[in-house]
Amino acid sequence: MRFVDEFREPKLISKTAEEIRRLAGTKLHYRMMEVCGGHTHAIYRFGLKDILPENIELIHGPGCPVCVLPMGRIDDGLSIAQQPDVIFAAFGDMMRVPGTQGSPLEHKARGMDVRIVYSPSDALKLARLNPDKHVMFFAIGFETTAPSTALTVMRAKAEGIRNFSVFCNHVTIIPAIRAILDSPDMRLDAFIGPGHVSTVIGCRPYEWIAQNERKPIVVSGFEPLDMLQSIVMLLHQLRAGEAKVENQYKRVVPWEGNRAALRAMAEVFQLRPYFEWRGLGFISQSALRINDEHAEFDAERRFAVPGIRVTDPKAAQCGEVLKGVLKPHQCKLFGHECTPEHPIGALMVSSEGSCAAYHNYEHRKTAMVSLSPVA
Amino acid sequence: MTLESVSAPAKVLAESVPIRFLDPQIEMAHGAGGKASRKLVEGLFAPLLFGSSPGPLGDAAQVDINGTKVAITTDSFVVNPLRFPGGSIGELAVNGTVNDLAVAGAKAEAIAVTFVLEAGLPTPVLEAEVRAMARAARDAGVRIAGGDTKVVEHGKADQMYVTTTGIGRPLPGVTIDPCSVRVGDRILLSGPIGDHGITILLARGELDFDANLHSDTRSVFPLVDALLRAAGPGVRWMRDPTRGGAATSLNELARDCGLGMVLFEDQIPVRDTVRGACELLGLDPLHIANEGQFLAVVSPECADAAMNALKSTPGGREVRMIGEVREEPAGTVLVTTLYGGSRIVDMLVGDPLPRIC
Amino acid sequence: MCLAIPGKIVEIFCDNQDSALVDVVGVRRKVDLGLLQDDKPVPGDWVLIHVGFAMSKISEQDAADQMSTLRMLGEIDGAIEEVRGYGLEDAN
């Protein structure tokens, strides 16, 4: 696979890891946060922790749009779909996320019309193919995904489609990073920046992290060589006492972002005054809703939703794990009451949530595993 | 298929045996072949049907009838769409049954088949499937001995459900037992994984992808036969990784024998197109269903003979040695990379779902 | 978030200029080009695909530059360390 395999080349990975060990030395301990859930997933999938030196600690950030969605919002979306002749369309990521009465898949088993879509345009296509039903698209994602939802709404409007709406749960990344940096128990040295969000918002929005907070941030791709190269770049900055925004993912991320994508978002969305992030609490100006010009496509305005707040059990320490203060296995419920089969907290419900990723890929590894063939 | 080998009728009073299955109702995940399925089988079916300590569950059961050993297996086939590139439910039913017996070390002799048909099913559809079954049975050298038909109301069956029961002759000198697996044993895989599951996923049409892919459905008996002839006593365990994929089969083995299955990622055969589909959809080929492949664990002494025998058998050219058995991590499957990274591969809870995050 | 994969534009659809057929090692899908209207790709271009939309064009030059940088990694610093090992600095 072009533009993928080159960045997974084993010899080059080993060489870059060696360079990291050289730069990291042994005296200092570096704490680097990868903001994006996709990076968390990549770290585990490629086993990157195995080849990084012990004194580089990767802290998982809150960039998992499924994880930060409060349970009440899932209930709201499902309640809309419970109405007759409504089709609930969502990405696969949402299908096993539990609401108080069960997950979308469980609702499907009980007779609700639930469809997995790969794209918001597939949801719109469903609306075209089923004129006697209403298709409600349960939209999630950060700025990577929001423009695609926006464009789909614009297309629906241009075509005069009446039986399509979006239940909008898009959130924005900068307020999440601010919440991390504002947290008193947080101690971070640097950030691995979200590569795909940045294809939309560009690299400028991170400048305050470097200038005001004095933390280096490198916008990173998702292949092993991308992430390792980003760590090399961060180490160079840290060793030189610098703090700037750098773009490691140049082949894909334009410094100024994607104007057409930002225009589409501005055309269709407006910022919510505040939004609840599961595990982080209410954050102002951190989420999107459909604007008045496109109200007919806003599921929350076309349908009544219960809007009931559902709080997580106090024992679940999702907030601390989300902010990187605790490691997943340090939460008391991890692996016992809270597992991927029976998730209690937000970070266990999505496969890229730090708890689920750690549980699935890591925590049964023993230090004694030697990785070369026996004979 | 999970069955218990018994040599005498089970003497169990079902009424007094408690079940360990705690879910209040059956969900789709319970049929997906992963963790939820295993919980249902181990927690409800096994205690009530197989006695209090059944031991490892396998693909077929051995029954002793007055000194004659017979292998028996049963399976049900629920697939949407019925026809897909490379096959249909009819072929799956025959090959799946033959394969369950093969990996239990038996040659399939006869299959009985049950059809549950939905009223309104067009006759040509049924005819096509029955023809496919007849053809598959002929190709596999197995007799379809009889069957049963029921028709249910429209909406109560997804066009048709097929159930098969196969009986076979255990091959002499063969003992398939997860408990015989030892540290240092080699893990073999007969060919590329993921073809069937991805073909079905794309054939459903919901995701709007197109690819030149087809199901790998076939009888693996000729390959199993060649393997057993070349390496008989050194073959510890075999399984056909259907729903749940190779990850599920190997996790079950790891749990049953308490050892670690360490796989070498660069050795796991996956076709480019399957890889592309998995990357696009965020799926792991190790979790995807296969209908024409099998895994075998063999002793290190006979590994070369096993590989050579398979490579020189038609259909066995793509066999690979994908890993080995180690002490650690116990009870777990670990995938390692050439650069020294590793990750645990667990069974999924239910079916693999595409993701965008 | 953000599962996005590189794919090659095979064909721009005539009836709807905003969509194209993209190929990823033999898997093909219609992809929306609406987010790239300011910089329209042509067949043969590589784009990054996320949820059925092309997010960005992939710069082959930047990818090649990155690979060069990675291959040279450590060579420059390593060379400097080697020279230091000759003990020439104190000569001044």
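Computed from a predicted model, the values in this text were never measured in an experiment.
Of the listed residues K57(C), Q61(C), R71(C), the one with more heavy-atom pairs under 4.5 angstrom with chain A than any other is R71(C). The most heavy-atom pairs under 4.5 Å with chain A, out of A64(C), G7(C), G34(C), come from G34(C). Options Q248(A), R259(A), K250(A), E18(A) differ in how many heavy-atom pairs under 4.5 Å they form with chain C, and the most are formed by K250(A). The candidate from T199(A), L151(A), V232(A) with the greatest count of non-hydrogen atom pairs under 4.5 Å with chain C is L151(A).
At most 12 heavy atoms of other shown residues, nucleotides or ligands fall within 6.0 angstrom of atom NZ in K8(C). The 12-atom threshold is exceeded at CZ of R8(A), counting heavy atoms of other residues, nucleotides or ligands nearer than 6.0 Å.
Both the backbone and the side chain of D226(A) come within contact range of chain C, each with at least one heavy atom under 4.5 Å from a heavy atom of that chain. Residue contact with chain C, scored on non-hydrogen atoms closer than 4.5 Å, is absent for V66(A). Residue V117(A) does not touch chain C at all, counting heavy-atom pairs closer than 4.5 Å. Contacts between I58(C) and chain A at a heavy-atom distance below 4.5 Å involve backbone atoms as well as side-chain atoms. No part of V47(C) comes within reach of chain A, as not one of its non-hydrogen atoms sits under 4.5 angstrom from that chain.
Comment: R155(A) engages D18(C) in a salt bridge, judged by a side-chain N to carboxylate O separation of less than 4.0 angstrom. The pair D122(A)-K30(C) does not count as a salt bridge, with every side-chain nitrogen at least 4.0 angstrom from each carboxylate oxygen.
In this structure, D62(C) contributes its side chain and V252(A) its backbone to no donor-acceptor pair below 3.5 Å. When atom types are taken as modelled, the side chain of S59(C) and the backbone of R251(A) share no donor-acceptor pair closer than 3.5 angstrom.
Inter-residue side-chain proximity for F53(C) and P147(A) is flagged as unmet; no heavy-atom pair is nearer than 4.5 Å. Contact check for F7(A) versus Q66(C): side-chain heavy atoms found under the 4.5 Å cut-off. Contact check for I5(C) versus M1(A): side-chain heavy atoms found under the 4.5 Å cut-off. Contact of the H196(A) side chain with the S56(C) side chain is not registered, since no non-hydrogen atoms from C-beta on lie closer than 4.5 Å. V25(C) places none of its side-chain heavy atoms less than 4.5 Å from the side chain of R2(A). Annotation: side chain of L36(C) is in contact with side chain of N258(A) (closest heavy-atom distance under 4.5 Å).
Taken from CE in M72(C) to CD in E19(A), the straight-line distance is 11.5 Å, to the nearest 0.5 Å. To the nearest 0.5 angstrom, L73(C) atom CG is 7.5 Å from Q229(A) atom CD.
Residue L12(A) comes nearest to L70(C) through the heavy atom pair CD1-O, 4.1 Å, listed as atom of the first residue, atom of the second, then distance. Here the closest non-hydrogen pair linking M55(C) and T144(A) is CE-O, 3.2 Å. The two residues M67(C) and E6(A) have their closest heavy-atom pair at CE-O, 3.4 Å. Nearest heavy atoms, F222(A) versus C2(C): CZ-CB, 4.3 Å.
Side-chain contact of S148(A) with H50(C): a donor-acceptor pair under 3.5 Å is absent, judged by distance alone.
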